[in-house]
Amino acid sequence: QKLRAGLIPQVTEGRRWLLIDAKKEVLGRLASKLAIVLMGKDKPTYSPNKDEGDICVVINAKHITYTGGWKLKNKVYYWHTGYIGHLKQIKLNHMIERDPTLPLRKAVFRMMPRNRLHRRRMLKLRVFADERHPFDDKPLVPWTMPPRNIRKPRIYVPRSIKLARRKLAEREAAAAAAAAESEGDGGTAQEGVDRPQ
């Protein structure tokens with residue numbers, strides 16, 4: 001009952017139930033797509049003042065991938081209690097040990113606009129550490145992440161090298177044009193020579 005709390009008819013009526021497998025997915029990419037689905041931005045009927053997003057049931061949250069070798073030990077989350085000097089912090093690896101679903105929920109929470117619909121939208125996100133979840137009686141629709149477009153890295157070329165390449169190309173073009181002109185002149189000169197009869 002605790003895991004199903006908050007899903008009142010006003011939140012679930014007319015919504016799709018999406019089942020998302022977070023295994024081997026990157027935290028930031030998955031959180032950005034979940035925020036879009038929760039807000040309803042993937043629908044043509046999207047309106048910023050209405051909550052028309054779908055319900056997301058995320059499983060295998062403990063198998064999420066964290067890019068960068070430094071994040072697990074060095075990424076720090078901060079919050080303040082409101083009292084003087086009470087700035088709290090926790091590292092990502094300790095947060096995962098405490099609750100594997102917390103990093104994903106925090107990422108999605110911070111990717112949505114802070115308005116009156118924020119709480120209702122977050123109620124539609126249900127994250128579970130493994131494959132077990134209490135929504136087997138719902139019409140769950142499998143949802144997959146869109147393919148990732150990996151861009152080729154841009155190679156930095158100094159300006160001096162670019163200018164040298166441009167000058168070399170201009171010289172080669174001028175040399176080719178001069179060679180073509182000389183071949184043309186030679187052909188006309190040979191045509192003007194009188195041949196013995």
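Keep in mind the model is a prediction, meaning the values are calculated, not measured.
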Practice task
For the residue pair Lys75 and Lys91, establish whether any side-chain heavy-atom pair is separated by less than 4.5 Å.
Solution key: no

Practice task
Evaluate whether atom NZ of Lys43 has more than 12 neighbouring non-hydrogen atoms of other residues, nucleotides or ligands under 6.0 angstrom away.
Solution key: yes

Handout entry: Leu19 side, atom CG; Trp143 side, atom CH2 - distance, nearest 0.5 Å
Key = 11.5 Å

Handout entry: Pairwise side-chain contact, Leu38 with Leu125, heavy-atom cut-off 4.5 Å (strictly under)
Key = yes

Problem - Atom CZ of Arg171: over 12 foreign heavy atoms under 6.0 Å - result: no

Practice task
Starting at NE2 of His63, measure out to CG of Asn60 and round the result to the nearest 0.5 Å.
Solution key: 5.0 Å

Practice task
Report yes if some heavy atom in the side chain of Thr12 is under 4.5 Å from a heavy atom in the side chain of Lys138; otherwise report no.
Solution key: no

Got a list of side-chain donor-acceptor pairs under 3.5 Å for residues 151-159, not counting sequence neighbours?
none

Exercise for the section: Flag the pair Asp42 and Lys33 as a salt bridge only when some basic side-chain nitrogen lies within less than 4.0 angstrom of an acidic carboxylate oxygen. Expected result: no

Exercise for the section: Report yes or no: does Arg119 contribute a side-chain atom to a donor-acceptor pair with the main-chain N or O of Asn115 at less than 3.5 Å? Expected result: no

Problem - Heavy-atom check, side chain of Ile90 versus side chain of Arg98, under 4.5 Å - result: yes

Exercise for the section: Output the distance between atom SG (Cys56) and atom CD1 (Ile20), rounded to the nearest 0.5 Å. Expected result: 4.0 Å

Practice task
Using a 4.5 Å cut-off on heavy atoms from C-beta on, say whether the side chain of Leu18 contacts that of Leu140.
Solution key: no

Handout entry: Audit row: Asp51, Arg116, salt bridge (charged side-chain N to carboxylate O under 4.0 Å, His left out) steps and yes/no
Key = CA-CA 10 Å; Asp51 182 27; Arg116 294 187 178 182; over 6 Å; no

Handout entry: Basic-acidic side-chain contact under 4.0 Å: Lys23, Asp21
Key = no

Completion exercise
Here the ring pair (Phe, Tyr, Trp, His ring centres under 6.0 Å) pairs for residues 11-47, sequence neighbours left out, are Trp17-Phe135

Practice task
Before accepting this row, confirm whether a basic side-chain N of the pair Asp54/Arg121 lies closer than 4.0 Å to the acidic partner's carboxylate O.
Solution key: no

Handout entry: Any side-chain heavy-atom pair of Met39 and Glu52 under 4.5 Å
Key = no

Problem - Contact summary for Ala35 and Met111, nearest pair of heavy atoms - result: CB-CB, 4.1 Å

Problem - Heavy-atom side-chain contact between Arg126 and Leu7 under 4.5 Å - result: yes

Fill in the blank from the handout: Distance col, row Gln89:CD vs Tyr78:OH, nearest 0.5 angstrom, shows 5.0 Å

Exercise for the section: Check the angle between the aromatic planes of His118 and Phe109 and answer parallel, tilted or perpendicular using the 30° and 60° thresholds. Expected result: parallel

Handout entry: Heavy-atom closest contact (Gly6 atom, Leu123 atom, distance)
Key = O-CD1, 3.8 Å

Exercise for the section: Quick one: closest heavy-atom pair of Val127 and Ala61, and the distance? Expected result: CG1-CB, 3.6 Å

Practice task
Supply the atom-to-atom distance Arg16 CZ to Lys124 NZ, rounded to the nearest 0.5 angstrom.
Solution key: 11.0 Å

Practice task
Taking the side chain as every heavy atom from C-beta outward, state whether Leu72 and Ile96 have any atom pair closer than 4.5 Å.
Solution key: yes

Practice task
Could you check Val108 against Leu104 for side chain to side chain contact (heavy atoms under 4.5 Å, CB included), going step by step and ending with a plain yes or no?
Solution key: CA-CA 6 Å; Val108 176; Leu104 181 61; 4.2 Å; yes

Fill in the blank from the handout: Separation between CG (Leu92) and CD (Glu97), nearest 0.5 Å, reads 10.0 Å

Fill in the blank from the handout: Here the pair of heavy atoms bringing Leu3 nearest to Pro134 is CB-CG, 3.9 Å

Problem - Distance-only polar pair, side chains of Thr65 and Glu25, donor-acceptor under 3.5 Å - result: no

